[in-house]
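The structure under discussion appears below in the form of structure tokens.
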There are 2 protein chains.
Amino acid sequence: MTAITSLPHPAIEDVRLTDVLFALSDPARLEIVRELADGPLSMAECGATNPDLPKSTKSHLMKVLREAGVVRNEPDGRRRVLSLRRSELDEAFPGLLESVLGARTDPVG
Amino acid sequence: MTAITSLPHPAIEDVRLTDVLFALSDPARLEIVRELADGPLSMAECGATNPDLPKSTKSHLMKVLREAGVVRNEPDGRRRVLSLRRSELDEAFPGLLESVLGARTDPVG
DNA sequence: GTCATGGTTCCATAATAGTTGAACCATCCT
DNA sequence: AGGATGGTTCAACTATTATGGAACCATGAC
């Protein structure tokens, strides 16, 4: 049984490359993805970089990432666990996540 | 000497990953990049997929790609030659272009 | 049950991005 | 010089996206 509070996630075959690229094209979202690359985090744990980000805003950033197929958002007690859909994305778009996570974010110098 | 009609291009060190990802996140722009992956094209040659795209619109798409650091736009007689900044991007963001160009664009099935 | 916690959703507003005709500009050709 | 060609820029409009407070919803603790 799926809990009512589960949020919809696209099947990996339905994930569009351009949507993934768009989701990753925002600095705040990319930072979240970088954090999740080290393992799942709850909402509260995630986004340590932006400590004073309103929760509705953070929730919206997560929604964009989730609907693009980049992250999973699973209920766990009264928290939610965010995780990068890494293995699925690696199959769908080989090398993409690796290159993005390995790349510099800011201009050099 | 640089001709007056040259357009500004960011130095590769100043190119931001998020700007590149954003530029690639639009289907029309991504299609242009795919075409340019096979070699430089003039404006008129490029965008064969969208034959009835107004030229101002196409010019704007190119501007986004150019300002993000993805393509070069060099005057050549009364035409302009568009080219992918491939080797520069490969150095700045190893593997990124390869994975994007190699990936499927549309959902499977 | 009540309450605090952790989070989503709704709504209104602000900001950014896309579209396109018209005007413009430079080049080549005669 | 004039005209056609290939393209950029401008301006106005539309559309999409971001932001964040307030309301709401589950869960766990008591």
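Order of the sequence lines sets the chain letters (A, B, ...), proteins ahead of strands, with each chain counted from 1.
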Closer than 4.0 angstrom, basic N to acidic O: yes or no for A:R80 and A:D76?
no
Whether B:R34 and B:E31 form a salt bridge (side-chain N of Lys/Arg under 4.0 Å from carboxylate O of Asp/Glu) is what I want to check.
no
Residues of residues 76-84 of chain A with any non-hydrogen atom less than 4.0 angstrom from an atom of DNA chain D: list those, numerically ordered, please.
A:G77, A:R78
What residues 33-44 of chain A contributes to the DNA chain D interface at heavy-atom separation below 4.0 Å is none
Taking the side chain as C-beta and beyond, is there a heavy-atom pair between [X] and [Y] under 4.5 Å?
| X | Y | result |
| --- | --- | --- |
| A:P94 | B:S99 | no |
| A:R66 | A:P8 | yes |
| B:S25 | A:R16 | no |
| B:M62 | B:I32 | yes |

Nearest whole Å is fine: how far is [N] [atom2] from [X] [atom1]?
| X | N | atom1 | atom2 | result |
| --- | --- | --- | --- | --- |
| B:E74 | C:dT27 | CD | C1' | 17 Å |
| B:L7 | C:dC24 | CG | P | 19 Å |
| B:D26 | D:dT17 | CG | C1' | 14 Å |

Identify, with sequence neighbours excluded, every residue that meets side-chain hydrogen bond (donor to acceptor under 3.5 Å, both in side chains) alongside B:E45.
B:S42
Can A:R29 be said to sit on top of A:F22's aromatic six-ring, NZ or CZ under 6.0 Å from centre and within 45° of the ring axis?
yes
Counting N and O atoms only, with roles assigned by atom type, does the side chain of B:K58 sit under 3.5 Å from a partner on the main chain of B:M43, one being a donor and the other an acceptor?
yes
Contact nearer the 5' end of DNA chain C, comparing A:N73 with B:R29:
A:N73
Close approaches to DNA chain C from residues 58-69 of chain B, in residue order (heavy atom, under 4.0 Å):
B:H60
For the CG atom of B:L101 and the CZ atom of B:R86, what is their distance to the nearest 0.5 Å?
5.0 Å
Could you measure the distance from the CG atom of B:N73 to the CD atom of B:E67? Nearest 0.5 Å is fine.
11.0 Å
Identify whether B:L82 and B:I12 are in the same connected component of the hydrophobic contact network (ILVMFWY, side-chain heavy atoms under 4.5 Å).
yes
Quick one: list whatever passes salt bridge (Lys or Arg N to Asp or Glu O under 4.0 Å) with B:E74, sequence neighbours left out.
none
Tabulate protein N/O versus nucleotide N/O from nucleotides 21-23 of chain D, keeping only pairs under 3.5 Å, one per line.
residue: D:dG21; atom: N7; partner: A:S56; partner atom: OG; Å: 3.1
residue: D:dG21; atom: O6; partner: A:S56; partner atom: OG; Å: 3.3

